[in-house]
Structure formats: structure tokens, C-alpha cells
Amino acid sequence: MAIMEFPKDMKWGAATAAYQIEGAAFKDGKGPSIWDTFSHTPGKVLNGDNGDVAIDSYHRYEEDIQLMKELGIDTYRFSVSWPRIFPTGTGEVNEKGLKFYHDFVDALLANGIEPMCTLYHWDLPQALQDKGGWANRATVDAFADYAELMFKEFGGKVKSWITINEPWCVSFLSNFIGIHAPGNTDLQLATDISHHVLLAHGKAVSRFRALNMEGGIGYAPNVEWLEPFSNKQEDVDACNRSMGFLMDWFFDPVFKGSYPAFMVEWFEQKGAVLHIEEGDMDIISQPIDFLGINYYTGGVGRYKKDADLFDMERIDIGYEKTDFDWFIYPEGFYRVLAKIKDKYGSVPIYITENGACYNDEVENGRVRDQRRIEYLKQHLTSLKRSMDYGVNIKGYLTWSLLDNFEWAEGYDKRFGIIHVDFNTLERTKKDSYYWYKQTISNGWFDMNY
Ligand SMILES: CCOCCOc1ccc(-c2cn(C[C@@H]3NC[C@@H](O)[C@H]3O)nn2)cc1
């Protein structure tokens, strides 16, 4: 027996996001988001998929909540569609949008499930993008106003708030690499956006504090672990730069009040400079109540001049891969969490996303996704290792509760523990659902079963 046991007070949950599950993209007063625009732009999303219907959780959330209740989760992480609340990003509020989220949160609470609300999960109102989007500092204040309205509306019901999901994806993946909305490929633009997104986080925290709100607030960066191919300094430095792209760049400003010098210098060599205004770093670095961490993958890297932005190449050393073609690297989960503790201290941490893409289908009413179960076992074992290392883990939320719209991959990549037929929208619990349910109920699992 190799039993992995977790604290009785650890929270267990699952996560989704508005654009990926809701659908009703143009219903009940919702304004267009940049993902509505992007997904309707030919060539941007695999198979021309879009979130017009998604998995129709806008109309089916009561069924989904019953699936959550049966699963036995404590906490459900969802996101609010900003343009469903403010169709043009600012100004007039869409009452039907507010009502939808009140009805949804009330149903969660009525079923004993704690809501964890992400305010920004990538679906920027298109009207704000038309005025420059996150590159325009005015968007920062628009976000703070949206956040304040949400705090005032839901403060008594929602006690866990996440400002920004994966700021690296919002800035660099979407505006330098360019595969996510709005699809720019400009390092200086992405650098400016990364600062504005952190500033938006900080301003939302300030509004939260000013209202003397009950509960806590944080943000949810995504991280990976890159193990140097050798102990040669050039390999170590290349991996640290690549990890610094996702981690240090977005953690140092919040936890240390400044950007990491080694990254600032590297970006300057690449022609990208920061435009920081007086007071910005004080706003960004005010204390948060918890840190969300999203981890999926890692790997091995080594120095290679001009191989990528950081002179680093990834080496395939034969690790198994998911159906997203990502290496399965549970050791990296432990290593990155240990590094966070060592470098940033013991801020309470929720794993706000961890899961795997496997495209198993329904056969005779069952989905045999044993590979996902093995992924979850391996990563929960790494989580336990991190807890024994002293990392202040408060909860684990798997990505995702349901198969959904996986951004540029459309409906081609399945992360859910519940299968969704994207034509009929029928939900089918996968084997991993039943395994996760038992693990939550026990508070432990056996590595060998
Ligand atoms: C061709 C070059 O490519 C460079 C890296 O390209 C990617 C693409 C995708 C990701 C990515 C996707 N996810 C899962 C989501 N997290 C939030 C939630 O909405 C999930 O759907 N995390 N990271 C990272 C990097």
C-alpha cells in the first residue's frame, strides 16, 4: 500500500471558466468579448470552433451543480464574464447578467458548495479592446470598477476572489506568442500589458480592502518547472530565464515590489522596456490573502543560442505526454511549489488548476480514462510531498470539472472529469470522476489502485 493522506481541513474542488462553458455568448444582454471576436476569426481556433454554445452551462448549471454535489467537492471555481456584467466594459450594468450569477451562486450555496470567483479569465469586453485593451491604462481602472461592483453585489455570498487568471497567458501568450486572443505578436506590447494586468490586480485588491470585505483575494499565475539538462551554468541560467517568464516576472512585483532584475535586463536586450509610473509598484505589491497556482507540465531544457526568446531549447527525454502533447512531469509540481515557498514565503496556496488532457470517449456508457487517474495520483503525490516540505497548501481544484472549449484548440482537447458530448451536450461521469469522488470522501488514495 502506498497511501497518500491529506489534511482533513484541506479544500477539494474543481474549476471552469465562463467563456469555456457558458455559451449564450450573445444572449440576455451580454456584450462581445475578445474571445467571441477571436473564435469567429477564421484560422484562429482549431476546426473553426467557438464559444457561442460551448457546453451551455448558462442554461444547464443546475444539472452541473448536482454533479458537483454528488462529487462531494467543497469549492467550485468559476469565472464571471465581464461583458455579461458590463456589455461595453464600463458604464451601464446588464441586470440580466447580474441575475444569472446571483442565481448561480445561490444554487452553489444552497448545495453546500463554496464559490471561488475569478473576475478575469481572458474574456475582455471587445469594446475595451477597440480602445487598446490591456495596452491602454484606462482598462486597468475599468477592471477595478468592474471588480468593485462585483464585490458590492456578491460580497456576502462569495468569500474567495481571484483577480486575474494566468497573467502570463493574458499578456505574453496572447500578445507576444499570439496564439490566444487578441493574437498580437509584439514583445513590447506584451510587456506593457503584463504590467497593466498586474496593476489591475493591485487596484482590485485595493478596492477589496477599501470595502472591508469578508473573505480573501488573490490571483492565479500559471507555472511550469524546467529542469536543466546539466549543471552547466548556461543550462541552469537558460531554464531560470524560461521559468522566470511565467513565475518571477509575475511573482516578484506582487511579493517583492519590483520586477526581477535578471529578467528586466534580458527583456531590455530584446528591445522591451517597462513603463512603470509613480506608485504602481506599491499598488501591485500590497498583500494578498492567498495565491492560486495552475500547474500542468514541465520538462528539461538546455542552453541553445536563439532557440527561443531565452536561448533555451526543450529536450525530449522520453517522458510520457498527454493528448495535448505536454510532458507529464509530476516531479516538477513538487519542485516548483518548493521553490515558491523558498523564494516567496508561506502565503496560503490553493492549487486552482491541475489536470490533464485525455480524449477518451464514451463506450457503453462509460469513459475509461485511467491515464487521467494516474496523472492525478502522480500530481497529488507531488502535492503531498510539497506539503511535507512545508508548503502552505490550503486546497486542490482540478482542471476541469467538465470537458469544455480549450481556447485555440477548441473542442479537440478534453480536460474534464465529466465527459461532454459537444453535439448533444450530454454529460457522462468519467472513471476519474468516481476516483476523485472517493479520494475526496476518504481524504486519501492508494497509489497502487
Ligand atoms: C506554439 C507555442 O505555444 C506556446 C505555449 O502555448 C500554450 C498554450 C496553452 C497553454 C495553457 C492552456 N492551459 C489550460 C487553461 N488554463 C486556464 C484554463 O482556461 C485552461 O483551459 N494552461 N496553459 C499554455 C501555453
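Heavy atoms only: backbone and side chains are in, while hydrogens, waters and symmetry mates are out.
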Under a 3.5 Å distance rule, please check whether Tyr146 uses its side chain to pair with a backbone N or O of Leu119 as donor and acceptor.
yes
May I ask you to check whether Thr118 and Arg77 show a side-chain donor-acceptor distance below 3.5 Å?
yes
Taking the six-membered ring for Trp, is the centroid-to-centroid distance between Tyr120 and Trp134 below 6.0 Å?
yes
Does Leu383 reach the side chain of Leu337, with side-chain heavy atoms less than 4.5 Å apart?
yes
Short side-chain donor-acceptor distance under 3.5 Å, His59 and Asp56:
yes
Assess the residue pair His379 and Tyr396 against the criterion (ring pair (Phe, Tyr, Trp, His ring centres under 6.0 Å)); give the C-alpha distance rounded to whole Å, side-chain angles, the decisive distance to 0.1 Å, and a yes or no.
CA-CA 11 Å; His379 287 77; Tyr396 175 88; 9.0 Å; no
Quick check with a 6.0 Å cut-off and a 45 degree axis cone: is Lys394 positioned over the face of Tyr350's six-membered ring?
no
Do the side chains of Lys343 and Asp248 get close enough for a salt bridge, i.e. N-O under 4.0 angstrom?
yes
Between Ser39 and Gly51, what is the shortest heavy-atom contact and its length?
OG-N, 4.1 Å
Lys/Arg-Asp/Glu bridge criterion (N-O < 4.0 Å) met for Asp237, Arg241:
no
Looking at Asp49 and Tyr411, would you say the former's side chain and the latter's main chain have a donor-acceptor pair under 3.5 Å?
yes
Rounded distance (nearest 0.5 Å) linking atom CD of Glu278 with atom CG of Asp280
8.5 Å
Whether Ser382 side chain and Phe333 backbone form a donor-acceptor pair below 3.5 Å
no
Side chains of Asp64 and Phe78: does their closest heavy-atom pair fall under 4.5 Å?
no
Are Phe415 and Tyr296 an aromatic pair by the rule of ring centers under 6.0 Å?
yes
Are any of the side-chain heavy atoms of Thr88 and Gln126 separated by less than 4.5 Å?
no
Looking only at side chains, do Asn442 and Gln438 share a donor and an acceptor under 3.5 Å apart?
yes
Check: Arg137 and Glu277 side chains under 4.5 Å, non-hydrogen atoms:
yes
Distance-only donor-acceptor check, side chains Tyr295 and Trp399, under 3.5 Å
no
For Glu114, is there an ion pair with Lys11 - N to carboxylate O distance below 4.0 angstrom?
yes
When you check the gap from the basic side-chain N to the acidic O, do Lys430 and Asp403 get nearer than 4.0 Å?
yes
What one should report as the nearest heavy-atom pair of Ala18 and Ser79 is N-OG, 2.7 Å
Is the distance between the ring centroids of Trp161 and Phe154 under 6.0 Å?
no
Of the options Tyr219, Phe245, Phe250, Trp122, which is the one that meets Trp168 in a ring pair (Phe, Tyr, Trp, His ring centres under 6.0 Å)?
Phe245
Arg414 (side chain) donor-acceptor with Tyr358 (main chain) under 3.5 angstrom:
no
Is the shortest side-chain heavy-atom distance between Phe251 and Ile340 below 4.5 Å?
yes
Does the side chain of Phe267 reach to within under 4.5 Å of the side chain of Val273, using non-hydrogen atoms?
no
Regarding His419 and Asp369, is there a side-chain donor-to-acceptor distance under 3.5 Å anywhere?
no
Strictly distance-based, threshold 3.5 Å: is any side-chain N or O of Asn354 a donor or acceptor partner for the main-chain N or O of Thr398?
no
Test Phe38 against Trp407 for ring pair (Phe, Tyr, Trp, His ring centres under 6.0 Å), laying out the working first.
CA-CA 10 Å; Phe38 196 73; Trp407 309 111; 9.7 Å; no
Ring centres under 6.0 angstrom apart (Phe445, Trp435)
yes
Given the rule in the salt bridge (Lys or Arg N to Asp or Glu O under 4.0 Å) test, do Lys429 and Glu70 qualify, once you have shown the distances and angles that lead to the verdict?
CA-CA 11 Å; Lys429 301 163 200 165; Glu70 183 189 332; 2.7 Å; yes
Between Ser194 and Thr191 (side chain of the first, backbone of the second, donor and acceptor by atom type, cut-off under 3.5 Å), is there such a pair?
yes
Verify the neighbour count for atom CD of Gln269: are there more than 12 heavy atoms of other residues, nucleotides or ligands below 6.0 Å?
yes
I'd like to know if Arg335 and Glu227 make a salt bridge, using a cut-off of under 4.0 Å between side-chain N and carboxylate O.
yes
More than 12 non-hydrogen atoms from neighbouring residues, nucleotides or ligands closer than 6.0 Å to CG on Asp388, yes or no?
yes
Atom NZ of residue position Lys99 - does it have more than 12 heavy atoms of other residues, nucleotides or ligands inside 6.0 Å?
no
Is the backbone N or O of Phe405 less than 3.5 Å from a side-chain atom of Gln20, with the two atoms forming a donor-acceptor pair by type?
yes
Donor-acceptor pair, distance only, cut-off 3.5 Å: does the side chain of Asp186 make one with the backbone of Gln188?
yes
Under 3.5 Å, is there a donor on one side chain and an acceptor on the other for Asn294 and Asn165?
yes
So does Glu148 pair up with Arg207, basic N to acidic O under 4.0 Å?
yes
Asp36 vs Tyr19 side-chain heavy atoms within contact, under 4.5 Å:
yes
Check whether Lys384 reaches the backbone of Glu5 with its side chain - one donor and one acceptor, N or O, closer than 3.5 Å.
yes
Are any of the side-chain nitrogens in Arg209 or Asp289 under 4.0 Å away from the carboxylate oxygens of its partner?
yes
Determine whether Leu199 and Ile283 make a side-chain contact, defined as any pair of heavy atoms from C-beta on separated by less than 4.5 Å.
yes
Between Arg60 (side chain only) and Tyr58 (backbone N and O only), is there a donor and an acceptor less than 3.5 Å apart?
no
